[in-house]
Amino acid sequence: MLRPSDKELIRKLELPYPAVAIRLRFERPDVPHYTGEKLAFCQYVKVAQDTGGHFYIDVNDDACYGKLAMGMIDKPPVTASGQAGYDFGCYKSPTGCQQLYQRLPILEPHTVNYVEFCPALDCDFDPDLLFFIAGLPQADILMRATSYISGDLWESRSSPVISCAWMYAYPIISGKVNHITTGFYHGLKRRNAYPAGLRMISIPFRKMPEFFQALEEMDWTLIAFREDEESRAELRRRMDHWQEMAAATGSHVDLR
């Protein structure tokens, strides 16, 4: 469960869209079932952001193929043949698009029957994913927090279509944070879910303790970007120390 201190850190980020907590369920959760217009899977995060609602969806609520990435359905033969991606013009041939379906991250089939969405600041459960939509500088802070302790490289895995598989299934399967840029992906773009140029960042449960520890401990504005004289003097002291370290080993530092 998110601690009050975790929620305070999220609140401090002043995000343009509320962070959303997501839980994948085999059993029906004891929260309201979404009853609005049937939407694509990727749009339900936006519903939670816009309404502040805590709700769940099932396979019948998805008007696209997030339900495929969740393992709720088997691969539909016509779609998996690559025909849809070809007809949309995303690939030169159905065979090219079909390669996606050979590599698509899909959760263990028929183990997720419900997906629960809730604004993170109201979350009263242990989320499987935390989902962020951010521009700069918040995205910079979020991504640095994913590597500040572990040193993990920043990787972005995606495809022109079915980006939901990479943002909702891949982080669970791999244990890795994933991030993409709005405006690139066919379904998100068709549905005008978000303005182009924002970062979508998905953090899986295995990374959350480290992520929140990093947010709490690290400098949100790095010393090289601070304008006060104290920070500038401290940075000069640190850089002078590099030269002392280098001189002791007969080398030098060409970094300014």
Side-chain angles (χ1 to χ4, degrees), residues 1-4 6-7 9-11 13 15-73 105-108 110-134 138-139 142 162-173 177-180 182 185 187-188 190-195 198-208 211-212:
M1 187 174 298
L2 297 183
R3 302 169 300 173
D6 298 335
K7 294 180 180 181
L9 288 166
I10 293 173
R11 187 179 289 109
L13 283 162
L15 296 163
Y17 298 89
V20 174
I22 299 171
R23 182 161 58 169
L24 313 178
R25 303 294 300 269
F26 184 85
E27 295 182 295
R28 189 192 313 273
D30 187 22
V31 299
H33 183 192
Y34 172 80
T35 57
E37 175 189 1
K38 186 173 182 177
L39 300 170
F41 190 91
C42 60
Q43 293 176 288
Y44 287 105
V45 165
K46 189 67 161 48
V47 170
Q49 292 171 330
D50 288 347
T51 67
H54 182 179
F55 59 89
Y56 76 85
I57 64 169
D58 61 26
V59 65
N60 297 311
D61 296 311
D62 181 22
C64 194
Y65 281 130
K67 55 183 176 277
L68 170 59
M70 293 293 100
M72 291 175 166
I73 63 169
I106 296 174
L107 297 177
E108 187 65 22
H110 310 294
T111 60
V112 176
N113 298 313
Y114 307 96
V115 182
E116 188 175 351
F117 298 85
C118 179
L121 295 183
D122 299 324
C123 175
D124 60 357
F125 56 82
D126 291 320
D128 295 311
L129 291 171
L130 276 179
F131 208 84
F132 294 91
I133 311 289
Q138 293 95 333
L142 290 165
I162 315 189
S163 61
C164 51
W166 300 102
M167 294 306 291
Y168 299 97
Y170 175 73
I172 296 292
I173 295 168
V177 173
N178 201 20
H179 58 107
I180 63 175
T182 58
Y185 302 97
L188 283 166
R190 278 181 69 202
R191 295 175 177 90
N192 296 311
Y194 299 98
L198 298 174
R199 300 302 292 172
M200 304 180 77
I201 302 168
S202 184
I203 299 179
F205 66 97
R206 281 185 273 180
K207 286 287 288 186
M208 287 181 202
F211 169 74
F212 283 114

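Everything quoted here is computed from the prediction, not taken from an experiment.
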What side-chain donor-acceptor pairs closer than 3.5 Å can you find for residues 34-42, not counting sequence neighbours?
residue: Y34; atom: OH; partner: E37; partner atom: N; Å: 3.1
residue: Y34; atom: OH; partner: E37; partner atom: O; Å: 2.6
residue: K38; atom: NZ; partner: N60; partner atom: O; Å: 3.3

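The number of heavy atoms from other shown groups lying within 6.0 Å of CG (D30) does not exceed 12. Annotation: R11, atom CZ; neighbour count of heavy atoms from other residues, nucleotides and ligands within 6.0 Å is above 12.
Residue L15 comes nearest to A134 through the heavy atom pair CD2-CB, 3.9 Å, listed as atom of the first residue, atom of the second, then distance. Across every non-hydrogen atom of V112 and M70, the tightest pair is CB-O, 3.6 Å. The shortest heavy-atom contact between L130 and A120 is CD2-CB, 4.0 Å. Smallest separation of non-hydrogen atoms from A169 and P105: CB-O, 3.6 Å. Residues I203 and K207 approach most closely at CG2-CB, 4.0 Å, considering heavy atoms. Closest heavy-atom contact between F212 and L2: CE1-CD2, 3.8 Å.
In this structure, L198 CG and I133 CD1 are separated by 7.0 Å, a value rounded to the nearest 0.5 Å. To the nearest 0.5 Å, atom CD1 of residue I10 and atom CG of residue L142 are 9.0 Å apart. Rounding to the nearest 0.5 Å places CD1 of I201 at 8.0 Å from CE of M167. One distance of note links OH of Y65 with CD1 of I73; it measures 5.5 Å at 0.5 Å rounding. Taking CD from E116 and CG from L24, the interatomic distance works out to 10.0 Å, rounded to the nearest 0.5 Å. If you take CG on L129 and CZ on F205, they are separated by 9.0 Å, rounding to the nearest 0.5 Å.
No side-chain donor-acceptor contact under 3.5 Å links D62 to the backbone of V59. Side chain of K7 to backbone of C123: a donor-acceptor contact under 3.5 angstrom is found. Distance alone, capped at 3.5 Å, is enough to place a donor-acceptor pair between the R206 side chain and the I172 backbone. N113 contributes a side-chain N or O that, together with a main-chain N or O of F26, makes up a donor-acceptor pair within less than 3.5 Å.
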Item to complete: Start with the C-alpha gap between Y168 and F131, add the side-chain angles, then the distance that decides, and say whether ring-ring contact (aromatic ring centres under 6.0 Å, His included) holds.
Response: CA-CA 9 Å; Y168 299 97; F131 208 84; 4.9 Å; yes
Practice prompt. Any chance you could lay out the side chain to side chain contact (heavy atoms under 4.5 Å, CB included) test for C64 and R191, step after step, and finish with the verdict?
Written response: CA-CA 11 Å; C64 194; R191 295 175 177 90; 3.8 Å; yes
Discussion item. Run Q138 and F132 through side chain to side chain contact (heavy atoms under 4.5 Å, CB included) and show every step you take.
Written reply: CA-CA 10 Å; Q138 293 95 333; F132 294 91; over 6 Å; no
Practice prompt. Go through D6 and M208 one step at a time and tell me if the side chain to side chain contact (heavy atoms under 4.5 Å, CB included) criterion holds.
Written response: CA-CA 10 Å; D6 298 335; M208 287 181 202; over 6 Å; no
Practice prompt. Take R25 and F125 through the test side chain to side chain contact (heavy atoms under 4.5 Å, CB included) and record every step on the way to the result.
Written response: CA-CA 12 Å; R25 303 294 300 269; F125 56 82; over 6 Å; no
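With sequence neighbours excluded, the residues that form a side-chain hydrogen bond (donor to acceptor under 3.5 Å, both in side chains) with D50 are K46.
Between F211 and V177, the closest side-chain pair of non-hydrogen atoms is not below 4.5 Å. No side-chain heavy atom of V45 sits less than 4.5 Å from a side-chain heavy atom of M200.
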